[in-house]
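Read the numbers this way: they start at 1 and go in the same order the structure lists the ligands and their atoms. Hydrogens, waters and symmetry mates play no part in the numbers below; they use all other heavy atoms, side chains included.
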Amino acid sequence: MIAPDKIIPYFNIDEPFEITPIGSGHIHHTFKVSGQKNFVLQRVNKNVFTQPEIIAHNNRIAFEFLKKNHPGFLFPKTIPDKNGNDLFYDHQGFPWRIYEMIENSFTLDGVLHEEDAYQAAKGFASLTKNLHGLDVLLLKPTIDRFHDLTWRYEQFEEALRKAKPEIITSADTVIQQAQSFQFLVSEYTQLIKNGSLITRITHNDTKVNNILFNSISRKALCAIDLDTLMPGYFIYDLGDMVRTFVSPVSEDEKDLDKIQFRKNIYDALLKGYLSEMNELLTEAEKKSIPFAGKMMTYIIALRFLADYLRGNTYYHITYTEQNLVRAKNQLRLLELIQPSVG
Ligand code: GN1
Ligand code: MG
């Protein structure tokens with residue numbers, strides 16, 4: 001990889017600066033650029049985002065809409081390079097981008113208190129709410145069929161067909177467990193077919209660490225990681241919050257006994273989400289609230305498992321079994337969510 005300090009001269013950033021790696025994402029390489037002003041520098045993963053220009057396009061359209069219609073709403077500002085482009089391509093063909101750092105803020109890797117769940121959910125909900133009125137067709141999918149459960153199940157089946165026998169053996173019980181939840185795919189298909197969900201502009205990666213909290217008030221300040229800001233259904237956002245908020249441990253936890261469904265956190269996140277979105281959601285959409293967490297937990301379990309079966313080509317890992325551990329973890333969480341949400 002090209003050293004990040006070699007990229008800075010292509011942007012209007014004053015020297016001296018210091019660069020340090022930050023973030024816990026699975027996809028990009030992220031750095032903090034500290035100087036007279038602070039910035040976030042990212043090298044975009046072009047294998048995952050094969051058309052990074054679409055991300056830049058969607059972000060720009062959303063930014064312009066918000067500036068005009070909700071000028072007080074905080075949205076990460078992209079700093080164009082010296083040629084005025086939102087993405088700078090290095091000589092290896094990797095796109096880089098820079099954002100202004102939002103100061104006096106912090107992120108959480110897990111939800112500790114009800115109030116954090118309430119605030120984070122309110123933060124993500126306010127993004128969709130404030131983008132309401134923007135023609136959803138102006139934004140394009142940055143990853144096709146990203147949260148399409150039917151397609152993700154097919155991908156899992158394909159990975160299973162192509163996997164080496166010894167890999168299948170090592171994941172045998174997890175595969176069976178994943179297959180036992182296949183009924184959720186039919187529920188998803190039915191929900192889409194009956195047209196009860198409205199296409200909205202959603203964030204699509206609503207992990208709690210994608211919310212910036214105000215350092216003093218601990219209120220949600222701003223949603224970050226807008227790579228998948230694109231048309232979607234509200235259950236994608238709500239569901240990924242359930243997946244990442246309700247358990248006291250992360251998707252990387254190996255000890256399944258530590259995974260829990262915290263009802264108080266679930267209630268708080270729902271309250272936070274509805275504090276912004278209650279009026280926009282239709283009665284038909286509200287009926288699908290209990291499905292959201294199950295669907296998103298299942299989809300990520302399938303994606304982790306498929307990646308393990310394929311030989312770990314997608315998510316960053318630090319040890320070979322990590323995607324299998326993550327899949328097991330998410331299936332355990334799904335077992336706990338299933339009876340708890342009605
Ligand atoms: C990836 O790396 P991060 O945190 O932005 C993934 C999400 C998954 C998540 C699981 C583009 O997100 O869909 O929920 O890992 N993003 C992409 O931790 O695939
Ligand atoms: Mg992301």
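In terms of N/O distances under 3.5 Å, ligand 1 is not approached by Tyr315. Between His147 and ligand 1, no N or O atom pair is found at a separation short of 3.5 Å. Of the N or O atoms in Glu251, one or more lie within a sub-3.5 Å distance of an N or O in ligand 1. Backbone and side-chain nitrogen or oxygen atoms of Arg243 are examined, and one is located within less than 3.5 angstrom of a nitrogen or oxygen of ligand 1. Considering backbone and side-chain atoms together, Asn210 places no N or O closer than 3.5 Å to any N or O of ligand 1.
Every atom of ligand 1 with a heavy atom of Asp225 under 4.0 Å away is listed here by number and element: 5 (O). Within the listing of ligand 1, atoms 3 (P), 4 (O), 9 (C), 10 (C), 15 (O), 18 (O) sit less than 4.0 angstrom from a heavy atom of Lys207. The ligand atoms of ligand 1 that sit less than 4.0 angstrom from a heavy atom of Tyr314 are 11 (C), 17 (C), 19 (O). The distance from ligand 1 to the heavy atoms of Phe49 drops below 4.0 Å at these ligand atoms: 11 (C). Of all the atoms in ligand 1, the ones that sit under 4.0 Å from a non-hydrogen atom of Ile300 are 8 (C), 14 (O).
From Leu334, atom CG reaches atom OH of Tyr298 across 8.0 Å, with rounding to the nearest 0.5 Å. Expressed to the nearest 0.5 Å, how far CG of Asp5 lies from CD1 of Ile19 amounts to 5.0 Å.
At distances below 3.5 Å, not a single donor-acceptor pair connects side-chain atoms of Asn214 with backbone N or O atoms of Lys219.
Side-chain contact between Ile27 and His316 is absent, with no heavy atoms from C-beta onward closer than 4.5 Å.
Every residue was checked against the ring pair (Phe, Tyr, Trp, His ring centres under 6.0 Å) condition with Phe234, not counting sequence neighbours, and none meets it. Phe94 pairs by the ring pair (Phe, Tyr, Trp, His ring centres under 6.0 Å) definition with nothing, not counting sequence neighbours.
Ligand 1 lies out of reach of His28, whose nearest heavy atom is not under 4.0 Å from it.
Using a 4.0 Å cut-off between charged nitrogen and carboxylate oxygen, Glu64 and Lys68 do not count as a salt-bridge pair. A salt bridge does not link Asp240 to Lys207: none of the charged nitrogens lies less than 4.0 Å from a carboxylate oxygen.
Neither the backbone nor the side chain of Asn204 comes within 4.0 Å of ligand 1, counting heavy atoms alone.
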